[in-house]
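To start, the structure under review is shown below, and the notes come after it.
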Amino acid sequence: MIVRRGKMEEFRSLGLDPFGHRFQRTAYSTDITEHFEEMEGKSVAVTGRIMSVRGHGKVSFMEISDIKGTLQLFFKIDVLGEENFKQIKLLDIGDIIGVNGEVFRTQRGQISVRVERWEILSKSLRPLPEKFHGLTDTEIRYRQRYVDLIMNPEVKDVFIKRSKIISAIRHYLDSHGYMEVETPVLHTLAGGAAARPFITHHNTLDMEMYLRIALELHLKRLIVGGLEKVYEIGRVFRNEGIDIRHNPEFTLMELYEAFSDYEGMIELTEDLLKNVCLAVNGTTTVVCQGETIDFSHFERMTMVEAVKKYSGIDYYAYDTVAEMKKAIAEKGIDLEDNDTSTKGYLLNALFDVTVEKHLIQPTVIMDYPIEISPLAKKMDDPNFTYRFEGFVLGRELCNAFSELNDPIDQRERFERQMDLRKEGDEEANPLDEDYLTAMEYGLAPTGGIGIGIDRLVMLLTDSASIRDVLLFPTMKQRE
RNA sequence: GAGCCAUUAGCUCAGCAGGCAGAGCACCUGACUUUUAAUCAGGGUGUCCGGCGUUCGAAUCGCCGAUGGCUCACCA
């Protein structure tokens, strides 16, 4: 580092700014390497970061990297002159340079640019990791993502793909008449999902505020307002554990459509996912964690059917909780720490323990127990709601329902949630009086869906950890 | 929140029957006019994660702590 600072000063003493200015590039690396026939013999201006240097006395080779790829530069004393050639010794791996020269092929056949003029655009004062092994230390990769991005081109590809996925979602929704909106991140009540919120404080108003845990209740207020087809792609925050699939802040897409229902949401989800997959991968299949996932078809099952299929327990065969529990125990199924106080909770527990992991190909599980669905519309059997979740690779990818639009029923559901809260359930939904007021003005029959964007990106980029699809994952502060 | 594992040079790692801190790449000096993990000759640049302890002596053993990874719990 001391040596690099010295070189920086030497550039200055030569009248060259080691932290230069605008550079007008005429070609990217891949424009040259992939279209050599048209480019051969042409003069180009290229720029990039020096990734390797191979000096040979009176000639020198360097590899530079730009957003699209890498390119070899060829420096020759005959072309540059003795003085100028000597100055390339001031360049280090990591420096950003701009060069002008002619496209040609070396004796070994490598497509290169014969440098006629070069300039330092930014001197790198810190050495990059070793070229062969690169950077593998996960802690540095996540904390100093910029170094990770410089050294590992496949990491860059993941984030380029993430951008394309989100862009494809927007394109699909915009072209289908959905309107993108922005709702508050700071909430006075953290509702719309079951999770513990981050708490903050507004000084001037002198009140507690919460970072949102869902987008749901504000978006549904907009449906009341007549916006009819809205969506938001936004960051939500849940004060929960961090692991391979969870980060405290993550990106959620929620969409609401008046006069639709959960059937409409299933159709939308299938079509959206198929289109996004096609747009970013060119096919409807994707290989993730060794499994080939086909987004062209979604299996459909009710939760009761799925539980019967995988656990052998038929929800309808038992009249009481006790009978059902007895049957579960006889099968030797361990429900772990799940709530088992009602048949609905038992069904959900069975689903978690016995079904979820089997849902590898895209599967829609329909008709959830009312106990775990406080914002979804009741079915004819009042123990169930018009709700579905989409599963892929044994993980939940989306959650949707026919929205509960009866304000009287909603108030009762909120009150039940408040009871749970009093019993110590920190994740129960709080009663949102303003949301009830909105509903009392009339919420059209509505279908709504939420899709976990990070999980979708994980699937489409074959990433094992959510941290691999977040540019800057949440990390503990050092020291 | 619990368990297991890891932390040594800029990077990737070795060294751990307790005995002078090591290799490759990077870097520095020199040679080399077509290399591509260039090559050749020479040079080690360090808070061995931190603290305490055991010991004549600790990178190595013990305890406490920090950070990270994985697994489990909560959750999407």
Are the ring of Phe132(A) and the base ring of G24(B) both nearer than 5.5 Å at their centres and tilted by less than 30°?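 It does not: the two rings, one from Phe132(A) and one from G24(B), miss the stacking criterion.
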Looking at residues at least two apart in the chain, or sitting in another chain, which of them share a ring-ring contact (aromatic ring centres under 6.0 Å, His included) with Tyr262(A)? Tyr386(A)
Which residues satisfy the ring-ring contact (aromatic ring centres under 6.0 Å, His included) test with Phe391(A), sequence neighbours excluded?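 ring-ring contact (aromatic ring centres under 6.0 Å, His included) check on Phe391(A) returns Phe351(A).
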Heavy atoms only, 4.0 Å cut-off, all strands: where does [X] land among base, sugar-phosphate and nothing?
X: Asn338(A); result: nothing
X: Lys7(A); result: sugar-phosphate
X: Met151(A); result: nothing
X: Gln72(A); result: base
X: Ile140(A); result: sugar-phosphate
X: Lys76(A); result: base
X: Gly452(A); result: nothing

Interface residues of [range] with RNA chain B (non-hydrogen, below 4.0 angstrom):
range: residues 38-63 of chain A; value: Arg54(A), Gly55(A), His56(A), Gly57(A), Lys58(A), Val59(A), Phe61(A)
range: residues 142-149 of chain A; value: Tyr142(A), Arg143(A)
range: residues 99-115 of chain A; value: Thr106(A), Gln107(A), Arg108(A), Gln110(A)

Nearest-Å distance, [atom1] ([X]) to [atom2] ([N])?
X: Leu90(A); N: U29(B); atom1: CG; atom2: P; value: 10 Å
X: Phe85(A); N: C32(B); atom1: CZ; atom2: C1'; value: 11 Å
X: Arg196(A); N: A76(B); atom1: CZ; atom2: C1'; value: 15 Å
X: Ile88(A); N: C32(B); atom1: CD1; atom2: P; value: 14 Å
X: Asn348(A); N: C74(B); atom1: CG; atom2: P; value: 12 Å
X: Tyr368(A); N: A76(B); atom1: OH; atom2: C1'; value: 12 Å
X: Met475(A); N: A66(B); atom1: CE; atom2: P; value: 16 Å
X: Lys89(A); N: C27(B); atom1: NZ; atom2: P; value: 13 Å

Using the [atom1] atom as the reference point in each nucleotide, state the distance between [N] and [M] in Å, no decimals.
N: C16(B); M: U34(B); atom1: P; answer: 45 Å
N: A26(B); M: C5(B); atom1: P; answer: 36 Å
N: U60(B); M: A9(B); atom1: P; answer: 15 Å
N: U29(B); M: C20(B); atom1: P; answer: 33 Å
N: G24(B); M: G65(B); atom1: C1'; answer: 34 Å
N: A17(B); M: G62(B); atom1: P; answer: 12 Å
N: C28(B); M: U33(B); atom1: C1'; answer: 24 Å
N: A14(B); M: C48(B); atom1: C1'; answer: 13 Å

Under-4.0 Å side-chain N/O to phosphate OP1/OP2 contact, [X] with [N]:
X: Thr138(A); N: G69(B); answer: no
X: Arg245(A); N: C72(B); answer: no
X: Arg4(A); N: G10(B); answer: no
X: Lys131(A); N: A37(B); answer: no

Test: side chain to side chain donor-acceptor pair (under 3.5 Å). Region: [range]. Which pairs qualify, not counting sequence neighbours?
range: residues 344-362 of chain A; result: none
range: residues 89-105 of chain A; result: Lys7(A)-Asp92(A), Asp92(A)-Lys123(A), Asp95(A)-Lys123(A), Asn100(A)-Arg117(A)
range: residues 418-432 of chain A; result: Arg221(A)-Asp432(A)

Who does [N] pair with, Watson-Crick or G-U, both distances under 3.5 Å?
N: A14(B); value: none
N: C70(B); value: G3(B)
N: A26(B); value: U45(B)
N: U55(B); value: none

Pairing residues for Glu263(A) by the salt bridge (charged side-chain N to carboxylate O under 4.0 Å, His left out) criterion, not counting sequence neighbours: Arg300(A)
Is it the case that the base of [N] and the side chain of [X] share a donor-acceptor contact (distance under 3.5 Å, atom types as modelled)?
X: Asp78(A); N: U33(B); result: yes
X: Asp243(A); N: C74(B); result: yes
X: Glu130(A); N: G10(B); result: no

Is there a donor-acceptor contact under 3.5 Å linking the side chains of Glu299(A) and Thr363(A)? no
Cut-off 3.5 Å, side chains only: do Tyr142(A) and Asp468(A) have a donor facing an acceptor?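 Checked: Tyr142(A)/Asp468(A) side chains pair up, N/O donor to acceptor below 3.5 Å.
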Please list all pairs meeting salt bridge (charged side-chain N to carboxylate O under 4.0 Å, His left out) that have one or both residues in residues 240-257 of chain A, counting only residues at least two apart or in different chains.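 Output for this query lists Arg235(A)-Glu249(A).
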Looking only at side-chain atoms of Ile93(A), point me to the closest of U12(B), A26(B), C74(B).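 Shortest atom-to-atom distance from the side chain points to A26(B).
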Picking from A76(B), G10(B), C70(B), which would you name as closest to the side chain of Pro127(A)?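 Looking only at heavy atoms from C-beta outward on Pro127(A), the closest nucleotide is G10(B).
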In Arg162(A), Arg395(A), Arg467(A), the residue satisfying salt bridge (charged side-chain N to carboxylate O under 4.0 Å, His left out) with Asp454(A) is Arg162(A)
Is any side-chain N of the basic residue among Lys220(A) and Glu216(A) closer than 4.0 Å to the acidic one's carboxylate O? yes
Tell me which pairs pass ring pair (Phe, Tyr, Trp, His ring centres under 6.0 Å) where either residue lies in residues 37-71 of chain A, with sequence neighbours left out. His56(A)-Phe61(A), Phe61(A)-Phe74(A)
Hey, is NZ on Lys161(A) packed in by over 12 heavy atoms from elsewhere, all under 6.0 Å?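 Counting neighbours around NZ of Lys161(A), more than 12 heavy atoms of other residues, nucleotides or ligands fall under 6.0 Å, so yes.
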Mind listing the side-chain donor-acceptor pairs of residues 36-45 of chain A below 3.5 Å, one per line with the distance, residues two or more places apart or on another chain?
| residue | atom | partner | partner atom | Å |
| --- | --- | --- | --- | --- |
| Lys42(A) | NZ | Glu38(A) | O | 3.1 |

Can you tell me how the ring of His187(A) sits relative to the ring of His218(A), calling it parallel under 30°, perpendicular over 60° and tilted otherwise?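 The arrangement is tilted - the two ring planes meet at 30° to 60°.
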